[in-house]
Amino acid sequence: MGALFALIEVIYILMVLLGANPDNAFYRFINSIAEPLALFFPGLFQLANQEVGVLINYGLAAVFWLLLTGVIARIITR
């Protein structure tokens with residue numbers, strides 16, 4: 001599940017960095033999923049360049065989900 005959450009975050013990051021049209025339905029759909037999954041990370045680092053901010057903040061959220069689910073999986077399999 002964490003890998004899926006991280007993948008959604010990465011798709012959103014790529015769409016922002018590659019300049020996807022924010023009025024597109026697919027962009028809005030991914031954005032509506034990525035924002036709640038990012039938890040408290042958006043706005044953690046406020047940078048002058050919005051794209052770098054998205055990369056860092058949403059990238060941290062993706063890493064968080066991978067680490068969290070990895071730890072949970074290790075605990076369960078012991």
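We number each residue from 1, following the sequence as shown. Worth knowing before you read on, the calculation uses all heavy atoms, side chains too, and leaves out hydrogens, waters and symmetry mates.
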**Request:** Assess whether side chain to side chain contact (heavy atoms under 4.5 Å, CB included) is satisfied between M15 and F26, documenting all intermediate values.
**Result:** CA-CA 10 Å; M15 291 174 72; F26 183 70; 3.8 Å; yes
**Residue pair R74 / R78: nearest heavy atoms and the distance that separates them** = O-CG, 3.1 Å
**Asked** Looking at Y58 and A34, what are the two nearest heavy atoms and their distance?
**Response**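 That would be CE2-O, 3.9 Å.
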**Asked** Would you say V10 and V52 are hydrophobically clustered, going by side-chain heavy atoms of ILVMFWY under 4.5 Å?
**Response**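 Not linked; separate clusters.
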Quick check for you: to the nearest 0.5 Å, what is the distance between [X] atom [atom1] and [Y] atom [atom2]?
X: E51; Y: I56; atom1: CD; atom2: CD1; answer: 12.0 Å
X: I30; Y: E35; atom1: CD1; atom2: CD; answer: 12.0 Å
X: N57; Y: Q46; atom1: CG; atom2: CD; answer: 8.5 Å

**Item:** Any donor-acceptor pair under 3.5 Å from R28 side chain to P22 backbone
**Value:** no
**Asked** Would a distance-only check, ignoring hydrogens and angles, find a side-chain to backbone donor-acceptor pair under 3.5 Å from N31 to Y27?
**Response**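 No: the side chain of N31 does not pair with the backbone of Y27.
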**Among I8, V16, L14, the one residue meeting side-chain contact (heavy atoms from CB on, under 4.5 Å) with Y12** = V16
**Message:** Can you tell me if F29 has over 12 outside heavy atoms packed within less than 6.0 Å of its CZ?
**Reply:** no
**Message:** Could you tell me if the side chain of F45 sits less than 4.5 Å from the side chain of L60, heavy atoms only?
**Reply:**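 Touching, per the 4.5 Å side-chain cut-off.
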**Item:** Beyond-backbone contact of M1 with L4, side-chain heavy atoms, under 4.5 angstrom
**Value:**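 Yes, side chains in contact.
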**Item:** Stepwise side chain to side chain contact (heavy atoms under 4.5 Å, CB included) test for L17 and V54
**Value:** CA-CA 8 Å; L17 293 179; V54 168; 5.9 Å; no
Which pairs would a plain distance check flag for residues 62-70, meaning a side-chain donor or acceptor within less than 3.5 Å of a matching protein atom at least two apart in sequence or in another chain?
unit_1, atom_1, unit_2, atom_2, d
W65, NE1, L37, O, 2.7
T69, OG1, W65, O, 2.7
T69, OG1, L66, O, 3.4

